[in-house]
Amino acid sequence: MAKRYLIVGAGFSGCVLAHQLVTSSNCRVEIWDERSHIGGNCHTERDAETNIMVHRYGPHIFNTDKKHVWDFVNNFGEFRPYVHRVKARSGDNIYSLPVNLHTINQFFNKNFSPKEAAAFLDSLADKTITDPQNFEEQALSFIGRELYEAFFYGYTKKQWGCEPKELPPSFLNRIPVRFNYDDNYHANPYTGIPVEGYTAVMGKMIDHPLIKVVLNKKFQPSADGQGFDHIFYTGPIDAYFNYQYGRLGYRTVTFSKNYAAGDYQGTTQMNFCDENIPHTRITEHKHFTPWEQHDNTVYFTEFSKETGPDDTPFYPKRLTADKALLLQYRTLATQQHTTSFLGRLATYRYMDMHHVIDEAMQMAKQFITNVQQNERPPVFPNSE
Ligand code: UDP
C-alpha cells in the first residue's frame, strides 16, 4: 500500500524531497507551509507596480559546482546565464567585490600585476595567526587589516549583530579573493537565474497528482502528524521542540521597498560596508533579468536584526552558546525516528540553495533505501 508522508515546509528542501519521493517510491505526499505561498525564502513574485520579478526574501543567485544539481533544477524551468557582480561602498568610494585585482589596485592606488598583488597581500597578512579560530582571524591571516576593516568588519557586525571575532571562520570562506580581474561574486561553474523565478521552478517540481500542497497551515509538532507514515520537517529545530531548552540565535532581515524611474543604482547589488550606515545592502531586482525591459525600477534596502519570537528566522548564527543548544536539540531528535530534519532551519546551518537541494536529493535516496530494507530512516542528512 502507498505510504503517506508529511513534509513540513515548501521551500527547496521540501519541494525537492516531495518530488524525489513520489517519483521514486510508492507514496503520497502532503506538503504544509504556514505561509501563503510555496518557495520558502527563495520565493519570487512579480512586483505589482513594475512587473519586475522580485526575490521577496532577499537576493538569490543560483550557483553550484554540482552538475547533477544543475541538471536537476534545469528540468523545472529555464535558467538564463547571469553573473553576479557585486559593488561595495566603503568610505567615499565604490569598489568591486569579491576582493579582486581591481579592488586591490583601486584601494591601495597601485597598478599591481597578479603576482605583485599576491605578494603584497601576503606581506599584509598576519602571519602570527596560523590556525584561524574566527571570522576576524581568518580575514587578518588572509588579507590583512586594511582590507578587512574596509570591507568586512562593519558589514559583518551589522549583518550578524556581534563582533566578527565571535563568528566562525567559514563565513568568510564563502567569498573568494582573486588576483585577477574576475569580479564574479561566485566561484561555481554553473550559475543562472530562472526566467520565471524560483517559485515557478518549485511549483513545477511539486506539480504531481500524488503531491498535495496545503498553504497557511502551521504544523504543531505535538498534535499533528497522525496518519502519516513519516514526517520530514524543514522548519526551525528549536521550534519543533517547543523551545524547551531555549531559542537558537538567528538573524532576520527587513526590507524597505522603493521605486524610481529608469535605473536606480546601475547594478543588482550594492553593499554598504561602513558600520555607520544602518543598512547592509541595496538590491535592484530588474538587473537580475537583463533580458526583460522595464522603464521603472524597484529596489530593496536591507537591514539586519536579531530574530524576535514573531520574526522570520533567516540566518543561523551558530555562536558558541547556539552550538551547545543545538547539540541538545539534536540529541532529542536522534531519540526518535518518526521525523527527519533537513534544510537550513532544521539543521541550523548557513546553506546555499544548491547545498539544500543536494541534501534533499540524498536524503530522499537514503530514506527510500531504508524503507525498502526495513531500516530506520535518517534523522539528519548524512552529509552533514
Ligand atoms: N561580508 C562582508 N562584506 C560584504 C559582503 C559580505 O563582510 O560586503 C561578510 C558577511 O559577514 C557575510 C559573509 O561575508 O555574512 C558572507 O557573505 P555573502 O555575500 O555570502 O552573504 P549572503 O548573501 O548569504 O547574505
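Numbering of ligands and ligand atoms starts at 1, following listing order. Just so you know, residue 1 is the first one in the sequence shown, and it goes up from there.
Geometric assessment of R35 against the ring of Y57 yields a positive cation-pi assignment under the 6.0 Å and 45° thresholds.
For R28, the CZ atom sits in a loose shell: 12 or fewer heavy atoms of surrounding residues, nucleotides or ligands are nearer than 6.0 Å. Other residues, nucleotides and ligands contribute only 12 or fewer heavy atoms inside 6.0 Å of the NZ atom of K67. No more than 12 heavy atoms of other residues, nucleotides or ligands sit less than 6.0 Å from atom CD of Q293. Counting heavy-atom neighbours within 6.0 Å of N111 CG, excluding the residue itself, gives a total of 12 or less.
Residue Y315 places a heavy atom under 4.0 Å from ligand 1. Residue contacts with ligand 1 include C273, since one or more of its heavy atoms lies under 4.0 Å from the ligand.
With a 4.0 Å cut-off on non-hydrogen atoms, T156 touches ligand 1 through its backbone as well as its side chain. Counting heavy atoms under 4.0 Å from ligand 1, residue L97 touches it through the side chain alone. Contact annotation for P164 and ligand 1: no heavy atom of the residue comes within less than 4.0 Å of the ligand. Here I175 has side-chain heavy atoms under 4.0 Å from ligand 1, and that is the only part of it that gets that close. With a 4.0 Å cut-off on non-hydrogen atoms, F171 touches ligand 1 through its backbone and not its side chain. Using a 4.0 Å cut-off between heavy atoms, F151 contacts ligand 1 through its backbone alone, with no side-chain atom that close.
Of the inter-residue distances, the one linking M205 atom CE with T23 atom OG1 reads 10.5 Å to the nearest 0.5 angstrom.
Interface atoms of ligand 1 facing Q159, defined by a heavy-atom separation under 4.0 Å, are 15 (O). Those atoms of ligand 1 with a heavy atom of R174 less than 4.0 angstrom away are 16 (C), 18 (P), 20 (O), 24 (O).
At a threshold of 4.0 Å, the pair K217-E30 does not count as salt-bridged, since none of the basic side-chain nitrogens sits closer than that to a carboxylate oxygen. For E284 and K286, the salt-bridge test fails: no basic side-chain N is under 4.0 Å from an acidic carboxylate O.
With respect to atom 2 (C) of ligand 1, the closest heavy atom belonging to the protein is Y155 CD2, 3.3 Å. Scanning the protein for heavy atoms near atom 19 (O) of ligand 1, the closest one is Y185 OH, 2.5 Å. Scanning the protein heavy atoms around atom 5 (C) of ligand 1, the nearest turns out to be N271 ND2, 3.3 Å. Nearest protein neighbour of atom 21 (O) of ligand 1, counting heavy atoms only, is Y350 OH, 3.0 Å.
Ring pair H55/F300: centre-to-centre distance not below 6.0 Å. Taking the six-membered ring wherever Trp is involved, the centroid distance between the rings of F341 and Y240 falls below 6.0 Å.
Where the criterion is an N or O separation shorter than 3.5 Å, residue side chain and backbone included, F152 meets it with respect to ligand 1. At a 3.5 angstrom cut-off on N or O pairs, R281 counts as close to ligand 1.
For the 3.5 Å distance criterion, the side chains of Y264 and N258 fail to qualify, holding no donor opposite an acceptor.
Closest heavy-atom approach to atom 15 (O) of ligand 1 within the set F272, W160, F314, F135: this belongs to W160.
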